[in-house]
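The structure under discussion appears below in the form of C-alpha cells.
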Amino acid sequence: MRITCPLCGERDRREFYYRGAALEAPAEGDSPEVWHAHVHLRDNPAGPVEEWWYHQQGCGSWIWVRRDTSSHEMLAVQLASAQEDL
Ligand SMILES: [Zn+2]
C-alpha cells in the first residue's frame with residue numbers, strides 16, 4: 001500500500017505508523033460505557049474509512065487519510081494541522 005504524504009509525496013506504507021480510525025472522541029462527562037465503545041469497539045467496514053497516520057520514517061507529520069479498505073485507494077490525504085479545513 002502507498003500513502004501520499006502531503007509534504008513528502010507518495011511513500012510505502014511501512015514508513016508510516018497507523019494510529020487508528022479518525023473518530024470524534026466522546027465528551028468528557030460521557031459514561032464509561034460510551035468511552036469503552038470509543039476506545040475498544042470498532043466496525044470493520046469494507047469501503048471508505050478515515051484514519052490517522054504518522055509519517056514516522058519521513059517528515060514526522062500526522063496526516064488524516066480517507067482510504068477505501070477494499071482497494072486501498074487513497075481518496076483524500078491532508079495534514080492533521082489542516083484538519084479544521086475539511
Ligand atoms: Zn512526510
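All ligand and atom numbering here is 1-based and tracks the order in the structure.
By the criterion of a separation under 2.8 Å, the protein N/O/S atoms near the Zn ion (ligand 1) amount to C5 SG, C8 SG, H55 ND1, C59 SG.
Between the side chain of W62 and the main chain of S81, no donor-acceptor pair closer than 3.5 Å is present. Judged by distance alone, the side chain of S61 and the main-chain N or O of Y54 form no donor-acceptor pair under 3.5 Å.
With a 4.5 Å cut-off on side-chain heavy atoms, W52 and Y17 do not count as touching.
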request  = List the steps and the verdict of side chain to side chain contact (heavy atoms under 4.5 Å, CB included) for R13 and R2.
outcome  = CA-CA 5 Å; R13 172 264 174 264; R2 308 285 288 181; over 6 Å; no

query = Going through the distances and angles, do R42 and L23 end up as a side chain to side chain contact (heavy atoms under 4.5 Å, CB included)?
reply = CA-CA 10 Å; R42 291 285 180 272; L23 304 172; 3.4 Å; yes

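Remark: E51 does not engage R19 in a salt bridge, criterion side-chain N to carboxylate O under 4.0 Å.
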